[in-house]
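To keep things clear, I will list the structure first and then write my remarks on it.
Keep in mind it's a predicted model, so treat the numbers as computed, not measured. Residues: numbered from 1 along the sequence shown.
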Amino acid sequence: MMQDIAFGPWLPDMPGYANPGLVEAKNLVPEMNGYAPWCEPVEIGEALPDDCLGAVALYDSEGNPHLFAGTATRLYKRNAGAWQDVTRPGMPYNLGTEQGWQFVQYGDRVLAANGADPVQSFLIGTDAHFDEVDAYAPAAQHLAVINNFIMAGHTAEAGNLVQWSGLDAPTSWERSAATQADFQRLENEGGAVQAVIGHQNYGIILQEYAIVRMEYVGPPEIFTFAEVERRRGALTGSAVTNVGQDIYYLAEDGFYRFDGVRSLPIGEGRVNQWFFDLIDRNYLHRIQACADPVRPLVIWSFPEKGQNGLANRLLVYHTQQDRWSWIELESETLLPLFGDSYRLEDLDAIAASLETLPYPLDSRVWQGKDRQLAFFTTSHRLANFNGEALQATLLTGDIIAGEQSFLLQGVMPAVTGGDVSVRVGGRAYARGPLVLGGATAINNYGWCDSLTHGCSHAVELTLSGDWEKATGMRVGLIPAGKY
């Protein structure tokens, strides 16, 4: 008999013999009705002189793209593929081993925080370097924009303190009834502020063990604070990101989506155990969350044990399909990126004539408006994911045909394009070891002959070349008696 099997969700926390989905989903990404390739990185421009500890891409008020990045000692602005040093005058920075840079934009002003120095400011089109915004600005780990205030969290004065600038005055931080600049300690049992996510009239504060909603109410209170979730918060601030109203974060017990009212588990029984078995807890600060600017994906980069803190894996969550996968990749910093803008004379280095350009002259690519996910490589160079498809692996959970053993006589993968090789394995008895055979290529008819016997079977597919989508497979089964 023939049986059609759709590739289900990746469920590494479940054993293969009881897994209704996939045991492995490596170097690919979930999408509707299947999985799609993840592409190789392509490096862009020159390298930073040291590890990138934070970066931001943004547009100014005239629609021009800009890119800023920070290292342990200096801040840089990208200019025509090169890095311009825009460090504050007088002395470099000196970030600790667990500190990094966080940036926010307010109009044409870029503000940066690192947890060690007062908030830094750079006005695009005017300033040549960053500098302290004002004598009252805190040294803070986290920044957000809430209703025309700059909100700073986890200051040097106290981990549970938030402080905000004057209304529509990002460089004015002295406490004042006139400007509405002020601060607030969170006197709950939530611990230190781990992240602040800003919206128009409210913000969400993730502490270590609580989630607090702050709302703008105007003078004299300015903001009100209400604890909306207790005993659960963010394990580390760098593992928090948002997509619209939804906040995705890593807690002590796994991955969650906070919808503004409550936290919903998205990793329980699926990837939480897999993640915590791999992560090096000495380097929790190296976990980084990032939302893909184009696709409905949230991604966490993290270092597994034995990597000395080097992030070498990406954990990928598809927010619409509610499915996971993972990518093997070494990285420093993830970020949503806008491409570089080009002048007409810059195009000479790309093509010999306008007729041979890869995109029309008025394309968004040349205007720097082509959005994409990017990262900094371990050689400190910016890179995007515009290369060839990575070689990917899918391993199914056990295929069971009632209370009997059977022969699996072949597999027909439903994979569009590229090259596919197949390994088939079986278990001689329930919960017995899975033994995979050798790799076999599919023939001209899309069929892979592979005769194996067992009470259950699993199929591993290796996808390479220019493959486009994997949706499932058809397997041939011959009953072979009860087991």
Side-chain angles (χ1 to χ4, degrees), residues 43-61 64-145 150 152-156 163 165 170-173 237-238 285-286 288 309 331-338 340-341 368 374-383:
E43 292 185 324
I44 310 165
E46 68 177 28
L48 286 170
D50 207 345
D51 292 0
C52 179
L53 301 182
V56 65
L58 49 89
Y59 291 124
D60 63 24
S61 57
N64 301 309
H66 300 270
L67 176 62
F68 296 85
T71 68
T73 59
R74 312 201 76 81
L75 285 167
Y76 296 89
K77 184 178 185 296
R78 186 173 167 87
N79 185 13
W83 292 104
Q84 173 188 353
D85 191 332
V86 290
T87 304
R88 67 185 176 189
M91 61 176 157
Y93 306 101
N94 185 24
L95 273 64
T97 57
E98 297 190 9
Q99 293 173 327
W101 289 98
Q102 188 175 62
F103 301 86
V104 296
Q105 178 183 6
Y106 189 85
D108 282 344
R109 188 175 299 277
V110 182
L111 297 115
N114 61 26
D117 300 283
V119 175
Q120 304 287 294
S121 171
F122 183 98
L123 186 60
I124 296 172
T126 300
D127 292 341
H129 51 74
F130 279 86
D131 210 341
E132 280 78 14
V133 292
D134 125 331
Y136 299 92
Q141 293 187 13
H142 312 294
L143 291 177
V145 179
I150 305 300
H154 196 141
T155 72
Q163 181 177 344
S165 71
T171 61
S172 177
W173 290 76
S238 59
H285 60 282
R286 295 289 179 86
Q288 187 192 2
S331 63
E332 288 181 351
T333 296
L334 299 171
L335 74 154
L337 180 67
F338 310 118
D340 282 332
S341 58
F375 74 108
F376 280 83
T377 68
T378 54
S379 60
H380 322 316
R381 292 182 65 186
L382 188 65

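- Shown are Q99, E98, Q102, H154; of these, the side chain to side chain contact (heavy atoms under 4.5 Å, CB included) with Q141 is made only by H154.
- Within the 4.5 Å cutoff, side-chain heavy atoms of D108 are placed close to those of L123.
- No donor-acceptor distance shorter than 3.5 angstrom exists from the side chain of R88 to the backbone of H129, with no hydrogens or angles considered.
- In this structure, L335 and L67 have side chains that are in contact, with non-hydrogen atoms separated by less than 4.5 Å.
- To the nearest 0.5 Å, the span separating CZ on F103 from CG on N114 amounts to 9.0 Å.
- Between the side chain of H285 and the backbone N or O of T97 there is at least one donor-acceptor pair closer than 3.5 Å.
- By the 4.5 Å heavy-atom criterion applied to side chains, P118 and V133 are not counted as neighbours.
- Minimum heavy-atom separation, A112 to L143: C-CD1, 3.8 Å.
- In this pair, F130 and F122 present their aromatic rings tilted. The plane angle is within the 30 to 60° band.
- With contacts defined as side-chain heavy-atom distances shorter than 4.5 Å, the pair T73/T87 does not qualify.
- Between A152 and A140, the shortest heavy-atom distance links the atoms CB-CB, 3.6 Å.
- Rounding to the nearest 0.5 Å gives a distance of 8.5 Å between NE2 of H142 and OG of S238.
- R74 and P92 get closest at one heavy-atom pair: NH1-CB, 3.6 Å.
- Ring centroids of W101 and F68 are separated by 6.0 Å or more, keeping the two rings apart.
- Listed for the Q163 side chain is no donor-acceptor partner under 3.5 Å among the backbone atoms of S165.
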Could you please spell out the steps behind the side chain to side chain contact (heavy atoms under 4.5 Å, CB included) verdict for H380 and D51? CA-CA 6 Å; H380 322 316; D51 292 0; 2.7 Å; yes
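- A distance of 7.0 Å separates CG in D117 from CG in L95, rounded to the nearest 0.5 Å.
- Rounding to the nearest 0.5 angstrom, the gap separating the CG atom in L337 from the CD1 atom in I44 is 6.0 Å.
- For the pair L111 and S121, the tightest heavy-atom approach, listed with the atom from each and the gap, is CD2-CB, 4.4 Å.
- Here the closest heavy-atom approach between residue L53 and residue T71 is recorded as CD1-C, 3.9 Å.
- Heavy atoms only, all atoms of each residue included: P336 and A57 are closest at O-CB, 3.4 Å.
- Residues Q288 and S331 have side chains that never bring a donor and an acceptor to within less than 3.5 angstrom of each other.
- Side-chain atoms of D134 come within 3.5 Å of backbone atoms of A137 as a donor-acceptor pair (strictly under, hydrogens ignored).
- Here the straight-line distance linking atom CD of Q84 with atom OH of Y76 works out to 11.5 Å at 0.5 Å rounding.
- Ring geometry for W83 versus F376: interplanar angle of 30 to 60°, hence tilted.
- In this structure the side chain of K77 never reaches within 4.5 angstrom of the side chain of V110, judged on heavy atoms.
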Any chance you could lay out the side chain to side chain contact (heavy atoms under 4.5 Å, CB included) test for E132 and Q120, step after step, and finish with the verdict? CA-CA 5 Å; E132 280 78 14; Q120 304 287 294; 3.2 Å; yes
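- V56 has its side chain out of reach of Q105: every pair of non-hydrogen atoms, C-beta onward, lies at least 4.5 Å apart.
- Proximity of a side-chain donor or acceptor of T155 to a complementary backbone N or O of P138 within less than 3.5 Å is not detected.
- Judged by distance alone, with hydrogens and angles left aside, the side-chain atoms of E332 form a donor-acceptor pair with the main-chain N or O of C52 at under 3.5 Å.
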